[in-house]
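Before any comments, here is the structure.
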Amino acid sequence: MYILGVDIGGTFTDFVFIDENGEVKNFKAPTTPKDPSQGVMDGIRTAAKSFDRDLNSLLSDVLSVNHGCTVATNALITGKVAKIGLITTKGFRDTIIIQRCRKGSGVSGEFVPGESLYDLQMDRPRPLVPRSLIEEVTERINYEGRVLIPLNEGECKEKIRKLVEENQVEGIAVSLIWSPINPEHERRVLELIKTYPDVYKNSSCSSDLIPQIREYERTSTVVMNTCLKPLVKPYLMHLKNRLKAEGLSEEVQLLIMQLHGGVTDASMAAENPVVTIGSGPTGGVIGAQFIGSQMGIESLITLDMGGTSFDVGVIVDGEPLTAPISVVEGYHIMLPMVDVKSIGAGGGSVARVYKGTLEVGPQSAGAEPGPACYGKGGVESTITDADVVLGYIRGTLATNQIVLDIEAAHKAIKEHVADKLNMTVEEAAVGIVDLANSNISDAIRLSTIERGYDPTEFTAFVYGGAGPVHGAVLCRNMGIKKMIVPRFASTFSAFGVAASILKHTYIAIIGPELLTELNLDMVNQKLTEMTNEGIDTLRKEHVKSEDMQFRFYFEMRFEGQLNEITVELPVTKITTNDFNLILERFRKEYSLAYAYVPDFPPEVVTARVEASGRLFNIPLKSYHLSGSDASHAIKEKRKAYFDERKDFLYTNVYNGLKLMPGNIIEDHAIIEYPDTVIVVRPGQKAICDQFKNIVIDIMGEETWERK
């Protein structure tokens, strides 16, 4: 029996099958952008052949399909979202147009190097719903939830008719003022939309999706959810039906990765597709958290380099860092999200010369046609082509699905970079790799140093098809002392998706109110109500009561501030005796974020309950350690470039599949797997550990026991 994890990337769709003994089998198939479900089915067929079984037989042994869905993310990146309308309170039509003055494009909306906070000429992202499709209705509820002006239903019906019949919208987002306190009017508007069933099924109201204050972020989130629903919902239902038709049991759930690091049933994700944004990168961070816990490592920086992007996540004290409000492609999402920094620096990132200057990314060669060395018609030079020229990768990639064309890589770099800069092809390749590594290092700094964390105190967890090629030099440059490459690195995000637990978040407004003046009866009632809702949801997803877990949080700030700090509560029922511990935790988190804590009491804005549960236990198989001698795994020697020596060096190339737990490799080396390559730099040491991961001592100072 297997748990199947699937992650659709820009270039490849990745698969892992985990059996009851903790054995992991991984596979790759080219992504099929026009119909992503086709790539999913192609990969499962490839796996079935490897298992010497037919597709129906293999799927009948699958206990759960956990899927990292990229349809929503890709739609936002390309701008190809559904045509929708927005209904809002009279006088607030331009909320979604004005947006926020701060224009940082990082996941958390923080300032990003190269952007000016005060640049009035900077382009804002195009609103997901144009002003011509925003309709105002007469109604008003105040901050206490009291109705000041009743909803004008006749006017509302006419506005809905206009959006549907005259403008042909596919869905309608509803976001009214103070609906988080009193959702009565929003839900009535949604009822009126039922007159048009096809539009109603794609519509959303903000109070159901995100019952929190912050008018713009709440509206942005419900608009995003609505314009994605006509795209994501059909895909998920189509994939589910294809899997069932090919042999997946009717009782088996299709679970979708969410942005906060847990999975949910496909039917729930289809109604709230905004939760699927960034699910692939999130899966990798959750996978690193899972394996880190097995290895006893609680502080990790995750470095994921695939074909299209480079993603950086941070795990502190065993928990991934999250952002309560995220920014993706310039659009705000008011939902907790695993904080992953992404830059356009994947293996397929295009290198070019612009106005006499070398640039790498963010444009990518993608899956089709891919880098020049893929031999699929690509002619532009990429990071992968540079890696080929420098001798890091040779032969085949993606489990022999791609035969690398060395001459094509040389030709692309010569034409697009070397000749334009009067360099040799090798010098140009070095420049491409150095610039890419520099850009990636900036992303790592944004995730650590600028948040108050010292990267030298972390272990790097490196994965993705291209990550292990570049990981060791990145760690060296950042002062990180240890690097772990999981044995299924190129499909690791799919492993993380497979290892994820079911998780749901529930939010209630309880302030703003000073911590010491909270109505504890009301607060505890809200916590109980949200807990019960979580229990009901998890039961529907077949989680046993003994496998359910709940965590409780306050979102807190000082009076007058706009941003909150998340503080985990020490108990499930709050009393005045808990105030000091809550205050202590708040001040600690605040100091970490801002390095200064004012000496006055904080206020609480919202309470949050996180309900989670695991359907199946996923063991991680451990192996007995053998001797340290790794010479039996050497397959050849070839020249590869190392900047530590400023030259090409003859380098031992190891067959990674032949390495045994306990084997040690010293000094520069290349370790080849069917789907990735690990480059060990001069002066470094690597060991194959008890889980068959490759652990690299970046500084070469580790003393491992030899047998």
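Other residues, nucleotides and ligands contribute more than 12 heavy atoms inside 6.0 Å of the NZ atom of Lys420.
For Asp385 and Thr382, the side-chain atoms include at least one donor-acceptor pair closer than 3.5 Å. Side-chain N/O atoms of Ser342 and Asp311 include a donor and acceptor closer than 3.5 Å.
Lys28 has no carboxylate O lying under 4.0 Å from a charged side-chain N of Asp7, or vice versa, which leaves the two without a salt bridge. Arg394 has no carboxylate O lying under 4.0 Å from a charged side-chain N of Glu672, or vice versa, which leaves the two without a salt bridge. The pair Arg352-Glu415 does not count as a salt bridge, with every side-chain nitrogen at least 4.0 angstrom from each carboxylate oxygen. Between Asp643 and Arg681 there is a salt bridge, since a side-chain N of the basic residue sits under 4.0 Å from a carboxylate O of the acidic one.
Of the possible donor and acceptor atoms, none in the side chain of Tyr463 sits under 3.5 Å from a partner among the backbone N and O of Gly306. No donor-acceptor pair under 3.5 Å is formed between the side chain of His67 and the backbone N or O of Val497. Under the 3.5 Å distance criterion, the side-chain polar atoms of Asn74 are matched with a main-chain donor or acceptor of Thr70. A donor-acceptor pair is defined here as one N or O able to donate and one able to accept, closer than 3.5 Å; such a pair exists between the side chain of Asn225 and the backbone of Val274. Between the side chain of Thr459 and the main chain of Leu300, no donor-acceptor pair closer than 3.5 Å is present. No donor-acceptor pair under 3.5 Å is formed between the side chain of Gln38 and the backbone N or O of Thr31. Between the side chain of Thr676 and the backbone N or O of Tyr673, no donor-acceptor pair lies under 3.5 Å. Under a 3.5 Å cut-off, the side chain of Ser447 and the backbone N or O of Ala443 do form a donor-acceptor pair.
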Q: For Asp675 and Asn26, run side chain to side chain donor-acceptor pair (under 3.5 Å): C-alpha distance rounded to whole Å, both residues' side-chain angles, the deciding distance at 0.1 Å, then the answer.
A: CA-CA 9 Å; Asp675 48 11; Asn26 60 329; 2.8 Å; yes
(Q) One pair to check against side-chain contact (heavy atoms from CB on, under 4.5 Å): Met295 and Ile484. What are the steps and the verdict? (A) CA-CA 11 Å; Met295 300 176 67; Ile484 299 170; 3.7 Å; yes
**Q.** Steps toward side chain to side chain donor-acceptor pair (under 3.5 Å) verdict (Asn655, Lys635)
**A.** CA-CA 6 Å; Asn655 182 341; Lys635 56 186 291 189; over 6 Å; no
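The aromatic ring centroids of Phe15 and Phe27 lie 6.0 Å or more from each other. A ring-centre distance under 6.0 Å is found for Phe492 and Phe461.
Below 30°, between 30° and 60°, or above 60°: for Tyr641 and Phe648 the angle between ring planes is above 60°, a perpendicular geometry.
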